[in-house]
Amino acid sequence: MDSPGDPEGPRPAGGDGPPGVAMETSRRLSREQIFVLISTASINLGSMMCYSILGPFFPKEAEKKGASNTVIGMIFGCYALFDFLASLVFGKYLVHIGAKFMFVAGMFVSGAVTVLFGLLDQVPEGPVFIAMCFLLRITDAISFEAAITASSSILAKAFPNNVATVLGSLETFSGLGLVLGPPLGGFLYQSFGYEVPFIFLGCIVLLMVPLNMCILPNYESDKGKHSFWKLIALPKVAFLSFVITSFSSCFGFLDPTLSLFVLEKFNLPAGYVGLVFLGLALSYAISSPLVGLLSDKMPHLRKWLLVFGNLTLAGCYMLLGPTPFLHIKSQLWLLVLILVINGISAGMSLIPIFPEILSCAHENGFEEGLSTLGLVSGLFGAMWSVGAFVGPTLGGFLYEKIGFEWAAALQGLWALTSGLVMGLFYLLEHLRRRRRSELQNILGTEEERTALLSDER
């Protein structure tokens with residue numbers, strides 16, 4: 001799997017190559033690699049801004065239009081459900097459709113739908129408003145997943161030896177999107193009303209489309225012979241898929257619940273609610289490149305970064321409310337501090353997963369090419385979407401029934417379970433490999449002894 005313009009030929013995927021080679025590659029980016037970085041950064045930034053502007057003010061607007069907290073949670077959650085279905089299709093047929101076309105078309109539709117979302121305040125309240133919310137969210141989910149699946153595959157194709165480093169670096173733009181989206185959306189909403197945040201950001205995404213049509217390279221690849229089911233049947237991939245689902249559920253839980261909790265608990269205006277989200281997004285944006293670089297430099301640390309990140313994430317959700325049995329008073333500074341730690345642990349939990357799945361796939365006979373990258377990207381997106389559906393939907397329901405504090409604690413139990421499960425799996429894997437190595441050493445010694453005896457005779 002050669003990167004474009006790479007004079008050194010093929011290298012192992014997943015970032016497992018020698019650190020010196022990785023550094024040498026990073027110093028000599030080809031023109032196509034720079035264009036890939038610009039294109040993928042644009043979709044990360046634009047899509048995350050469009051996604052995150054809903055948090056500070058949409059739940060309140062939807063309530064005015066007759067939607068309950070459970071329905072609001074379902075509006076957030078349906079995005080992920082159709083994201084899941086789309087990721088399976090686009091991951092499988094990426095090579096047939098073409099990565100560049102999928103990327104550009106998905107970006108165009110996503111921008112257009114964001115503009116249309118800004119016109120929903122003109123729709124009559126009740127069932128018509130709710131139906132239109134679902135329709136636009138579903139369309140946005142499908143188009144967004146098309147762009148993201150293509151983006152991840154193109155990125156891994158262009159940087160085969162530095163997957164974690166590049167993915168981590170580009171998560172800075174995802175983090176910036178999450179950072180800029182809520183406060184910008186809250187400010188525009190307070191200053192100009194409901195329509196302007198969506199129309200403004202939707203137009204920005206649409207303006208990025210012609211740029212990407214011009215600069216994004218067009219990669220060709222042979223059709224692969226493997227399927228999603230063969231990939232997810234690998235035990236390690238199955239457990240990592242569970243971690244992705246758990247993590248995205250924890251993040252998705254905050255969408256319909258955190259803004260309502262902050263508004264009720266601390267009586268902040270919508271513009272300041274967006275700033276609360278800043279702690280989570282900014283810490284994630286800063287920590288992700290560092291975690292990615294560490295993952296590529298020392299691949300053996302990936303597993304423990306992942307485990308420790310999930311366990312820390314579980315602790316954060318216990319303290320987010322905080323959980324009543326801890327008898328800690330809820331304070332704004334404590335909430336922001338926990339969100340900052342949450343963002344750092346999120347980078348540790350998420351960034352190592354893609355190269356871990358990719359390395360596992362190659363170790364088990366999957367070919368090195370765009371078809372396998374499409375499967376891994378699609379699987380990652382699908383598992384993320386399952387959690388992103390469960391998180392907001394269940395979060396909205398639990399928020400109504402038991403309150404934010406207990407709902408966040410239950411969400412933390414999911415992260416705790418995934419951290420413990422992966423820790424146990426990696427421990428057993430380490431013991432199994434050590435046992436196999438010892439057995440090979442014994443067999444090698446026996447063969448040498450037999451050969452010596454044969455020579456003596």
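In what follows, every heavy atom counts, from backbone to side chain, and hydrogens, waters and symmetry copies are set aside.
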Task: Over all atoms of both residues, closest heavy-atom pair of I402 and A407 - done: CD1-N, 3.9 Å
Task: Whether F117 and F198 hold their rings parallel, tilted or perpendicular, with breakpoints at 30° and 60° - done: tilted
Task: Test item: M383 and S87 side chains (from C-beta on) under 4.5 Å apart, heavy atoms - done: no
- [ ] Can you establish whether the number of heavy atoms outside F425 located under 6.0 Å from its atom CZ is more than 12?
- [x] yes
Open item on the list: Please check: side-chain N/O of S359 versus main-chain N/O of P355, any donor-acceptor pairing under 3.5 Å?
Closed with: yes
TODO: Go through the steps for I72 and E63 under the test side-chain contact (heavy atoms from CB on, under 4.5 Å), then give the verdict.
DONE: CA-CA 8 Å; I72 293 169; E63 278 184 346; 3.8 Å; yes
Open item on the list: So that I know where these two stand, are F253 and F404 an aromatic pair - ring centroids less than 6.0 Å apart?
Closed with: yes
TODO: Look at atom CZ of F308 and say whether more than 12 heavy atoms of other residues, nucleotides or ligands are closer to it than 6.0 Å.
DONE: no
- [ ] For S42 and N212, test the side chains for any donor-to-acceptor distance below 3.5 angstrom and give the result as yes or no.
- [x] yes
Task: For G419 against N310, the heavy-atom pair lying closest together - done: CA-CB, 3.6 Å
- [ ] Evaluate side-chain contact (heavy atoms from CB on, under 4.5 Å) for L201 paired with L184, printing each intermediate quantity in order.
- [x] CA-CA 10 Å; L201 291 178; L184 180 61; 4.0 Å; yes
Task: Candidate list I138, I75, V128, test side chain to side chain contact (heavy atoms under 4.5 Å, CB included), partner C133, passing option - done: I75
Open item on the list: More than 12 heavy atoms of other residues, nucleotides or ligands under 6.0 Å from CZ of F261: yes or no?
Closed with: yes
Task: For G412 against M318, the heavy-atom pair lying closest together - done: C-CE, 4.5 Å
Open item on the list: Before we go on, tell me: are the rings of Y317 and W414 under 6.0 Å apart, centre to centre?
Closed with: no
Open item on the list: Please find the pair of heavy atoms, one from L206 and one from A112, that lie closest to each other, and give the distance.
Closed with: CD2-N, 3.7 Å
Task: Residue pair A147 / M107: nearest heavy atoms and the distance that separates them - done: CB-N, 4.0 Å
TODO: Heavy atoms only: give me the nearest G106-A146 pair and the separation to one decimal.
DONE: CA-CB, 4.3 Å
